[in-house]
Amino acid sequence: MTANSTTSPDFGDALNETPCVSVLLPLPLGKAYTYAVPEGLSPTESLAVGDFVAVPLGVREVSGVVWDGEVDDVPPEKLKSVLAKLDVPPMPESSRRFAEWVANYNMASLGSVLKMLMSVPEALKPPKPVTAYSLNSNLPEIKMTKARERVLKVLQDSPPLPATLLAKEAGVGTSVIKGLAKLDALIAVELPPPPAFEIADWQAPGPTLSAEQAVAADNLRAHVKAGEFAVSVLEGVPGSGKTEVYLEAVSEALAQGKQALVLLPEIALGAQWLARFKDRFGCLPAEWHSDLTQATRRKTWRAVATGEAKVIVGARSALFLPYTDLGVIIIDEEHDQSFKQEDGVIYNARDMAVVRANLGEIPISLVSATPSLESLRNVERGRYEHFDLPDRHAGAELPEISIIDMRQDKPDTGKWLSPKLIQGLKDTFAAGEQALLFLNRRGYAPLTLCQGCGHRFQCPQCTAWLVEHRFLGRLQCHHCGYQMKPPEKCPSCDQTDKLYACGPGVERLAEEVEELFPEMRTEIAVSDNLHTPGQAQELVSQIENRDIDLIIGTQIVAKGYHFPYLTLVGVVDADVGLTGGDIRALERTYQLLYQVAGRAGRAERPGRVLVQTHDPENPVMQALKMGDHKGFIATMSEDRERNGMPPFGRLASVILSGSDERAVDQATANLARTAPRDNGVMTLGPAPAPLALLRGRHRRRFLVKAGRDVNIQARIRSWLKATELPRKVRVQLDIDPYSFM
Ligand code: ADP
Ligand code: ZN
């Protein structure tokens with residue numbers, strides 16, 4: 001059979017052959033399968049590339065997509081037929097090319113990527129029509145009751161109503177409605193399902209932009225209008241109006257009848273963002289994140305496919321919704337690590353979004369107060385445009401950042417707040433204002449040890465200490481969720497009352513604050529107690545209404561909020577996260593602390609930030625103090641360039657894991673012998689991963705490093721292909737790794 005064109009499926013080149021198509025299935029398979037197209041396929045006769053279809057697979061029926069490319073020569077007796085074409089708009093070319101690109105670049109199977117694009121299989125079926133009831137004009141004789149009378153009365157001058165609504169209006173139970181329908185007093189009619197999303201009013205005017213804001217907004221609008229690929233970095237201090245600027249691009253996409261995608265980290269906490277969107281456009285956008293009900297996921301996926309949902313705001317997986325006509329992509333907080341997906345298909349949503357924009361010929365804007373080194377490097381190379389919003393809107397002042405040297409300004413023994421920070425809190429409370437203490441450690445204490453024998457409580461399944469959660473009365477592993485009750489006696493030496501909590505977590509800090517300021521209303525904000533947007537919204541309103549004086553939180557509170565009365569931010573331990581073999585450790589710490597600092601004094605009240613550190617000379621602390629992001633990035637950049645690290649070189653990590661340690665070691669040794677180590681490629685390792693044991697699996701890692709001109713995927717592919725590995729050893733590939741654990 002011959003290779004076919006890209007737009008029509010391959011029906012075979014001989015007339016007497018059965019017409020066939022390639023169907024890609026959302027399963028971890030590298031290629032599409034061949035199926036016959038039965039005559040008179042219902043409900044539509046013809047199949048085209050991109051169509052969603054149902055096909056048999058073994059004894060199952062699965063859904064897939066008709067894919068471009070050659071069909072295989074399948075012997076007639078083995079050839080199975082497509083069962084049906086599904087009633088859902090076809091997957092456009094840009095999405096199909098995107099899937100291939102993502103699979104190829106991230107070294108994942110094409111089917112696994114398709115699975116991300118088909119994340120809601122139920123959405124392939126059209127929504128059920130709604131059954132509503134109207135009055136039978138030819139009313140049969142029935143026994144009247146008060147309840148029945150009320151129902152008939154409601155319907156007298158009303159359009160048909162669904163049972164629940166009708167019951168509510170009439171103040172009766174739904175059984176009354178059903179009874180009336182059975183007696184033919186009511187007639188059931190089918191209504192089309194109600195619209196899934198409201199239409200945003202793109203003409204609603206935004207604020208009058210400042211000159212700098214207007215330059216950035218006009219540029220984005222022009223690219224959206226022209227339908228051309230362009231990447232811009234929109235950099236600006238918190239409160240400088242970045243959101244206002246990119247909402248202009250969203251409005252332009254809507255004006256063009258196109259869809260707009262805004263990716264945000266931690267969407268669960270986007271309550272303020274949503275409210276703002278509603279203020280501007282008169283309705284809520286479609287949301288996409290892990291915390292949606294199945295019904296909402298189904299509704300949203302389908303509305304994106306039909307083009308009914310115009311603005312989608314979501315976490316990284318929103319990139320894989322079936323857009324029919326995407327007009328612009330915005331990545332807010334583009335530096336944020338949560339855009340990197342760390343399991344399943346490992347990918348970086350920010351980077352893949354740029355690819356998606358390229359394939360769809362649309363602009364993308366990368367928005368941040370602290371853009372990543374990678375993005376700034378692309379600006380330097382002239383590949384990305386750059387817009388700077390240097391000032392806070394309406395001249396609001398940036399907080400003043402002071403560094404507290406903990407070696408000199410020591411807290412009391414067993415305490416974590418320095419006298420300077422305590423004084424800062426006192427002053428803030430005295431002024432009737434609010435404070436935030438930031439500590440990126442959940443729980444009470446990160447480590448528990450026995451003072452008698454030195455025994456440390458470790459997770460039996462992971463290379464990790466158990467974190468004490470005192471409120472829950474548990475020792476917990478933050479990697480696998482293993483937990484136990486803290487024992488009375490040390491399991492190693494049997495002594496009682498010797499267990500000692502080392503180091504602070506947010507709970508312990510709360511205890512210290514409670515002693516210092518018993519009358520202040522304190523709230524802990526951590527992922528453990530903020531699961532849903534509702535809980536987050538509750539906390540936000542409490543802070544806004546000033547029902548809380550002090551928030552103690554992890555990075556969950558670092559993102560994008562405005563609290564006008566929050567004027568002091570205390571960073572309890574700025575050194576968390578500075579160490580470890582992570583090439584982005586300093587950059588990430590800087591970004592996080594800068595972002596936390598941005599919570600202080602956003603309105604007319606100027607804010608203060610006090611940063612506690614044992615390492616005041618560290619470039620992170622210096623840059624924070626001086627407010628010198630550019631200088632800091634330049635230093636980090638030099639460092640990475642010298643070491644040939646991304647974005648100056650390429651990097652990939654290869655992790656072997658399995659529950660059988662000997663098998664993993666054996667496989668690792670086999671691979672080590674053939675590891676690529678020439679023609680611009682270097683392989684570091686193998687070495688036990690820092691998390692050498694994770695969820696009971698032993699882990700060994702290689703780090704493959706190469707020059708920018710090397711096709712690192714191709715090299716890794718041929719390396720892995722040449723060595724047979726036992727099935728019980730899993731290989732995980734991570735291109736451009738962000739996690740070095
Ligand atoms: P960022 O996204 O950079 O943090 P925002 O877009 O959230 O900044 O702007 C901060 C605040 O200033 C918001 O309340 C926003 O509505 C307001 N703002 C920004 N630009 C303007 C403008 N040109 N006119 C009126 N208000 C503005
Ligand atoms: Zn564990």
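Read the numbers this way: they start at 1 and go in the same order the structure lists the ligands and their atoms. Note: hydrogens, waters and symmetry copies are ignored here, and every other heavy atom, side chains too, is used.
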**Item:** C459 atom SG and C477 atom SG as seen from the Zn ion (ligand 2), angle to 10 degrees
**Value:** 110°
**Prompt:** Side chains of S657 and R697: do they bring a donor and an acceptor to under 3.5 Å?
**Reply:** yes
**Message:** Between E333 and Q595, is there a side-chain donor-acceptor contact under 3.5 Å, judged purely by atom types and distance?
**Reply:** yes
**Request:** Could you tell me the angle subtended at the Zn ion (ligand 2) by SG of C480 and SG of C462, rounded to 10°?
**Result:** 110°
**Prompt:** Within a reach of under 6.0 Å around NZ of K340, are more than 12 heavy atoms found that belong to other residues, nucleotides or ligands?
**Reply:** yes
**Fill in**
ligand 1 atoms nearer than 4.0 angstrom to some heavy atom of T208 are 22 (C), 23 (N), 24 (N)
**Message:** Pairs of nitrogen or oxygen atoms closer than 3.5 Å, one from P207 and one from ligand 1: do any exist?
**Reply:** no
**Prompt:** In terms of atom number and element, which parts of ligand 1 are under 4.0 angstrom from non-hydrogen atoms of L209?
**Reply:** 23 (N)
**Request:** Report yes or no: do S372 and E334 form a side-chain donor-acceptor pair below 3.5 Å?
**Result:** yes
**Message:** I'd like to know if V237 contacts ligand 1, where contact means a heavy-atom distance under 4.0 Å to any ligand atom.
**Reply:** yes
**Prompt:** Is the shortest N/O to N/O distance between G236 and ligand 1 below 3.5 Å?
**Reply:** no
**Prompt:** Can you list the atoms of ligand 1 that are under 4.0 Å from a heavy atom of K242?
**Reply:** 1 (P), 2 (O), 3 (O), 4 (O), 6 (O), 8 (O)
**Prompt:** Under a heavy-atom criterion of less than 4.0 Å, does S240 contact ligand 1?
**Reply:** yes
**Request:** Tell me whether the centres of the aromatic rings in F229 and H223 are closer together than 6.0 Å.
**Result:** no
**Message:** Between E244 and R276, does any side-chain N to carboxylate O distance fall below 4.0 Å?
**Reply:** yes
**Asked** Are K630 and D388 within salt-bridge range, i.e. N to O under 4.0 Å?
**Response** yes
